[in-house]
Amino acid sequence: MQKKRAFQIEAFKHRVVVDPKYAEKTWKVLEHAIHEIYNHNASGLSFEELYRNAYNMVLHKFGEKLYTGLVMTMTTHLKEISQSIESAQGEIFLDELNRKWVDHNKALQMIRDILMYMDRTFIPSNHKTPVHELGLNLWRDVVIHSSKTQARLLDTLLELVLRERNGEVINRGLMRNIIKMLMDLGLPVYQHDFEKHFLDVSANFYCCESQKFIESCDCGDYLKKAERRLNEELERVSHYLDPRSEMKITNVVEKEMIESHMHTLVHMENSGLVSMLVDDKYEDLQRMYNLFRRVPAGLTIVKEVMTSFVRDTGKQLIMDPERLRDPVDFVQRLLDLKDKYDRIITMSFNNDKTFQNALNSSFEYFINLNARSPEFISLFVDDKLRRGLKGVGEEDVEVVLDKVMMLFRYLQEKDVFEKYYKQHLAKRLLSGKTVSDDAERSLIVKLKTECGYQFTSKLEGMFTDMKTSHDTMQGFYAGQGAELGDGPTLSVQVLTTGSWPTQPSPPCNLPTEILGVCDRFRTYYLGTHNGRRLSWQTNMGTADLKATFGKGQKHELNVSTYQMCVLMLFNNVERLTCKEIEQATAIPMSDLRRCLQSLACVKGKNVLRKEPMSKDIAEDDAFFFNDKFTSKFFKVKIGTVVAQRESEPENLETRQRVEEDRKPQIEAAIVRIMKSRRTLDHNNIVAEVTKQLQSRFLPNPVVIKKRIESLIEREFLERDKVDRKLYRYLA
Amino acid sequence: MGVQKDRVKFNVGGRVMETTATTLANAGRNSMFGAMFDDSWNLILQSNKEGERFLDRNPDCFGVLLDLLRTGELHIPANIPEKLLYREALYYGLLDHVRAAKWGPFDGNRLRLSRSLQGQAPGDGTAIRAGPDGGCCVAHGSMVHVYDWMLDEHPPLNLDYQRVNDVGWVDSDNVVIGVSERLGRGDGGMGLFSSHSGELRYKFQVCHENQVKSYTAGALSFSSDYKIFSSCKGRSNEYGVGVWDQVTGKQIDFFYEPLGWSLGDADKLQWLEGSNCLLVATMFPRKDNCYISLLDFREKKMVWCWSDMGAPFAVDEKRVRDAIAMEDNSSICVVNEFEDLGFMDLRSSAATSIRWSSRSRLMKGKMPEEPCYPKLALHGGQLFSSMNDCISVFCGPEWVLTSRLRRSYGGSICDFSIGGDRLFALHSEENVFDIWETPTPPII
């Protein structure tokens, strides 16, 4: 019994007994190996043996001993390393640090190789730090955070950066290695031990430098310097800093060099934004844009200054009485101004939408300051389409028209433009002065896409009339040509009433020769078109006359219908007074005066002789056929004295007509709105009407009020009995 | 030496074997061979006069592992215990290689029974869940048993020894379990455990109106954006679905159960990545009726719901026993106790009827003594359905039955799970579970 028990104990004992010194011995072997590795003496070590020893220690539950031993041994070595780094003098400090770091990394890798089994099994299940990470942590705590090294390392790094900023060449490779080391030790180490201080020092540096620059440089130079500094910092980051520092350091430069000085820079006397704009300094402007874009509200300042400058320039242009004399030049200047800024925005401001919008709103602002802008723009088109875009390709025509459309878009009173445009177009069509049908139509299409069908339907009607008239005349001559013989050739343009901006005027007495053909045409026309009325607009036509002067000199005279009537009288009589002419032709006196003026008072075109010889025409003035008339041209065009530009009274008249035309439109808008809303208060009606009509014009609230009152009178609307501000729709 | 410069000779436990440095390089840097052949270790001096390098290891296992490095395939001869091979692989740092070569990518139609494992716990299993790396965990009563991919059991998990309702793997190192609360005590709820050591790492809390309340955690689900969902039953009728952040562990949302509906004691939660919705299904017999709904947490809305409340039951009484959302064709697949599959369209809102596909096997009337209700799972476009002692695999747009997995003993399958390229099936009559694997692809 006793024996048995003893045997049992013996067996148990035997099983658990391990050489008590086994762990210690094995650890000594490994410790020795770690020493040798740190002493660059690893070549004598057997990897397999060390690996197996580490494995055995873990297997026999000595993992803890192995791990603490590792920590202690590594710490001892790192302390030695730390001392040797601390004793490095001056320049070689960083070199020494870098060399030791490389050594440590290599040693760490080898130690990890030996202890791989522990790393794989013991460490995860016991929540220890893996060997590699442990090595880095110890390096951080023992070497980098040693009291003597920490501050010295930071100072050295910052000193090197400063030297580089001051133009010296530094060892970037070394710098990169050291910074890389800090990053390897973990982002917090990099940030706390370097980045934070680096940013503070940089802020100080750039604060001082920018102050110095702003006192000594003009705006362009300053921006160049700021840009260079910014690029230097970007380069620095790419060479030896963590990419995540890029944002932070550029923010520092932006804040110190741009944001704190941006007002000063933009408004700098003689070199700020305004003078850059004036002198088209594309490069400087682009630099400013790119730099200011980086700071909050930077571009807003640039935009505001540009806007106010454009507004001022535009206002001066638009209000300059000199400019108002020549509408074509006036519009051309506007276009040039627009071109100039478009170019700046394209070339320097990166086609920034917000800048384009700002420019547009500035133009809209000042173009509408001058009530005559719509008229002038129409006149510009008239000039272009009359004079022709000669020698200009089709695409260039489009370019000019597009530019005009752009100005058109700025107009608030689009209906005024329409009015003038219609007048000018009518003149062009009737006098056959328009150069290119395609260009005309192209512009109409543009207007149509811009303002809708209604805007251009009448304009298109005018074109249709021209076409139909052409066909009618061909039909007339094809059918009646033979009977007409060699009488005067007649060309009639049948205009639809309402489509054309004509003022009905009583027809004058046509010469008998013409009258015959006219009657024939009337019969022909009414024969083909039932139920129409045809009345002659003798104030608008033209005629080509063949005239024989003294010495048998023959000329062809190109004159207006009125002038023709007058000249034809002289076929039979030698002398006529103004009064007599008026009686004979029934031309209104004001028109007759102008017509006689152009026949008798213009040098080189004076086919009539006047007594007395003066510019003004009195009723009793006598006119003779000027037998001595000479001209070197066979064809002589006798213009009528008309002001191309509207005179003041005419202008007022057009205005009035426009105002008249607006009334029904405003009323229609009011009724439309009230019909759907039934009741609405005054302010809302005004707002809605303005919104509905703004594509054509900006209605005056006073006018709207008057229209409302008129509608109340006519019982379309009524005021609410309780709330007088409220209107009700009466169905 | 030889013609080939990279020839290496090993003496492993007395047997000399030769290979090349190229073959050993397949082991990767993070292995013993990777370290051994690194430049920092001087190779020449490491061998003896014959040019051999001695390794004090098992030569048979070394041979197997060497073949693994040579061919990428693992062949374990019958005379080598698997455990021994794994231990040797761990020594060389080749365990991951072994794991990768042990079985092939999952295919429901090529599954082979790899092993059946007997558990120690008494009583019925509640749930089995496959881990992401081939391990699994099995819930039995108040305990969860964790197995790694080598099917070694780790320390079991428990939360105050309360009844476990569901378990789930957050990742290969962490398992969440949801348990019932103990009446009158604050115990229970949900806990995060280390799958290696079995220690409790974190306990999830539920707050109602800024007050921490005890609760019973039911079915679990996880989303790829690190959220955990669980159906919860609170003491004062705070029923609903709670949401936690896996990273911070904080509760971030709670969807309260609407009146006349069921969320808090759901049988199944399924997070739908594509539509950002959570499927919540409560089935008979936990409740008298079946409730299936889709929750949108961003809009706090039940975007789709279905219930058989008030539906007249036909003679053959088809009751929904499990449901799973088929995200790609926006329908929900359900199964009844006769293993008929049915589909509901998600695109049309409520009051959808189920399209049953009449696949009913001739089973009615001859159910086994201890029937288990069918369960559904989806994996790689294949639909799995367990019924009694058998798992059916359905494929294709029409969901044709293509394979059937059956094993002779252990009784009905009460739960199964797919993950880590393995299928685990837990039986109800005996505490045993099967591991099904896909063999590695053929050589040619």
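Just so it is clear: chains get the letters A, B, ... in the order the sequence lines come, proteins before strands, and each one is counted from 1.
Taking non-hydrogen atoms and a 4.5 Å limit, the residue list of residues 148-158 of chain B in contact with chain A is empty.
A89(B) meets the side-chain contact (heavy atoms from CB on, under 4.5 Å) test with L65(B), L94(B), L95(B), V98(B); sequence neighbours excluded.
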**Audit row: E199(B), H127(A), side chain to side chain contact (heavy atoms under 4.5 Å, CB included) steps and yes/no** = CA-CA 12 Å; E199(B) 60 179 336; H127(A) 303 292; 2.8 Å; yes
*Is there a side chain to side chain contact (heavy atoms under 4.5 Å, CB included) between Y55(A) and M32(B) once you walk through the steps?*
CA-CA 11 Å; Y55(A) 166 81; M32(B) 190 188 95; over 6 Å; no
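Between R29(B) and D113(A) there is a salt bridge, since a side-chain N of the basic residue sits under 4.0 Å from a carboxylate O of the acidic one.
In K79(A), the NZ atom is not crowded: 12 or fewer heavy atoms of neighbouring residues, nucleotides or ligands sit closer than 6.0 Å. Within a 6.0 Å radius of NZ in K180(A), other residues, nucleotides and ligands contribute 12 heavy atoms or fewer.
Annotation: the span from E49(A) atom CD to D56(B) atom CG amounts to 11.0 Å, rounded to 0.5 Å. For the atom pair Q109(A) CD and D38(B) CG, the distance stands at 6.0 Å (nearest 0.5 Å).
If you measure heavy-atom distances from R120(A) to chain B, the contacts under 4.5 Å come from the side chain alone. For D173(B), no part sits under 4.5 Å from any heavy atom of chain A, backbone or side chain. M116(A) touches chain B through its side chain: at least one heavy atom from C-beta onward sits under 4.5 Å away, while N, CA, C and O do not. For a residue to count as touching a neighbouring chain, one of its non-hydrogen atoms must lie under 4.5 Å from one of that chain's; by this rule H40(A) does not touch chain B.
Ring pair Y91(B)/Y117(A) is tilted by interplanar angle, where 30° to 60° counts as tilted.
Closest approach of G93(B) and Y51(A) over heavy atoms only: N-OH, 4.4 Å.
When the candidates S31(B), S197(B), G34(B) are compared by the number of heavy-atom contacts under 4.5 Å with chain A, S31(B) comes out ahead.
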